Each structure stands twice: as structure tokens, then as C-alpha cells.
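So the structure is just underneath, and the comments pick up after that.
These numbers come from the heavy atoms of this one structure, side chains and all, not from hydrogens, waters or symmetry mates. If you're wondering where the values come from, they're calculated on a predicted model, not measured in any experiment.
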Amino acid sequence: MTPTLRASVLVGALFLGGCVESSMVARTRLEMEEGFPGASFERAHALHLGRLPTAMLKPIALWALGDEGEDLEFIRSIRRVDLAVYEVRSFPETLNGGELAAMDRRLRKSGWNRVLRA
């Protein structure tokens with residue numbers, strides 16, 4: 001099976017797992033809005049895979065990566081997946097870099113990693 005077909009199988013399996021915003025993601029959005037008075041975020045996309053779907057998808061991910069996967073132990077350690085993409089509707093104009101860094105630290109402490117900021 002080609003790597004492209006393997007990747008397609010993996011992506012298809014992920015979408016079968018569910019596309020809902022978890023309470024953890026919604027709570028984090030509210031914390032961000034409270035942490036930055038005047039900020040407003042609107043959910044564009046969300047994906048939540050709990051323990052069961054994640055456990056079911058791990059063998060598929062390991063199979064799809066085959067020998068090409070460099071860090072298979074990382075995949076084995078995943079217990080659940082929460083992903084959210086938000087559009088910024090409003091954001092305070094007088095925010096300084098220290099406030100952004102503090103929010104980033106709070107999110108990291110809660111187990112979140114920013115994948116992309118644009």
C-alpha cells in the first residue's frame with residue numbers, strides 16, 4: 001500500500017472518531033477570553049477523540065507510519081486528542097508581550113501546545 005493511501009486511511013479513521021468540541025476545549029476558550037478582557041474567539045473547527053477512539057486509532061496510525069515513523073513511542077503515549085481552531089473576533093489593542101507569555105505558560109501547564117498562530 002502506498003504512503004498516500006495509508007495517510008488517507010488514517011485521516012478517514014480520524015474523522016470517524018467524532019468532530020465535537022470537548023468541555024476541556026470550551027473551558028480553555030472561556031479562560032482565554034477572561035484572561036484577555038475584550039477578547040472574543042469563535043470556534044471554526046474542533047475535534048475530540050476520547051480514550052476509546054484514540055485506543056482504536058493508535059494501531060491504524062502505527063500501521064500507516066510503518067517503518068517511516070521516527071517516534072512511535074510518542075503515538076503509543078497518546079491517551080486522548082483535543083484540537084480546536086478559533087477565529088479571533090476581537091482582541092485588546094493594549095496587550096503587551098508579557099500578558100501573552102503568561103497566557104501561553106498557563107495553557108502549557110494545562111497540557112496545551114500551540115500548533116499554529118497566525
Side-chain angles (χ1 to χ4, degrees):
M1 183 175 286
T2 67
T4 303
L5 185 54
R6 285 184 181 189
S8 297
V9 169
L10 177 61
V11 169
L14 283 172
F15 284 112
L16 292 175
C19 294
V20 297
E21 180 180 46
S22 72
S23 60
M24 182 179 182
V25 170
R27 187 172 53 248
T28 301
R29 178 184 54 82
L30 291 174
E31 288 175 12
M32 288 176 54
E33 288 178 344
E34 290 170 359
F36 301 119
S40 176
F41 304 95
E42 182 178 326
R43 185 185 81 206
H45 305 284
L47 173 70
H48 169 74
L49 299 174
R51 289 182 178 265
L52 182 60
T54 301
M56 292 170 52
L57 290 174
K58 275 195 253 186
I60 296 170
L62 293 170
W63 170 77
L65 291 172
D67 295 333
E68 299 170 25
E70 294 179 11
D71 192 6
L72 299 181
E73 285 305 312
F74 171 74
I75 291 175
R76 289 184 180 98
S77 70
I78 296 173
R79 300 289 176 255
R80 60 185 264 176
V81 175
D82 283 296
L83 172 95
V85 176
Y86 291 99
E87 290 184 26
V88 178
R89 291 293 176 201
S90 64
F91 205 74
E93 292 180 23
T94 59
L95 198 63
N96 65 45
E99 292 170 304
L100 285 172
M103 178 58 76
D104 197 44
R105 282 191 301 274
R106 284 196 302 265
L107 290 172
R108 286 183 187 278
K109 263 185 159 174
S110 297
W112 290 98
N113 291 309
R114 181 180 23 187
V115 178
L116 174 70
R117 181 176 74 186

### Query
Transitively linked via ILVMFWY side-chain contacts under 4.5 Å: L30 with M32?
no
### Query
Residues in side chain to side chain contact (heavy atoms under 4.5 Å, CB included) with A55, at least two apart?
none
### Query
For R51, which residues count as a side chain to side chain contact (heavy atoms under 4.5 Å, CB included) partner, sequence neighbours excluded?
R79
Tell me which donor-acceptor pairs under 3.5 Å the side chains of residues 33-42 have, and how far apart each pair is, sequence neighbours excluded?
residue	atom	partner	partner atom	Å
E33	OE1	R29	NH1	3.4
E33	OE2	F41	N	2.9
E42	OE1	R89	NE	2.8
E42	OE1	R89	NH2	3.0

### Query
Looking at V81, L62, L49, I78, which one forms a side-chain contact (heavy atoms from CB on, under 4.5 Å) with L57?
L49
### Query
Can you name the residues that form a side chain to side chain contact (heavy atoms under 4.5 Å, CB included) with A101, not counting sequence neighbours?
R105
### Task
For the residue pair R106 and M103, establish whether any side-chain heavy-atom pair is separated by less than 4.5 Å.
yes
### Query
Which residues satisfy the salt bridge (Lys or Arg N to Asp or Glu O under 4.0 Å) test with R27, sequence neighbours excluded?
none
### Query
Got a sec, which hydrophobics cluster with L52, joining ILVMFWY side chains under 4.5 Å apart, including via others?
M56
### Message
Can you list everything that forms a side-chain hydrogen bond (donor to acceptor under 3.5 Å, both in side chains) with T54? Sequence neighbours excluded, please.
### Response
none
### Query
Can you name the side-chain hydrogen bond (donor to acceptor under 3.5 Å, both in side chains) partners of R80, sequence neighbours left out?
D82
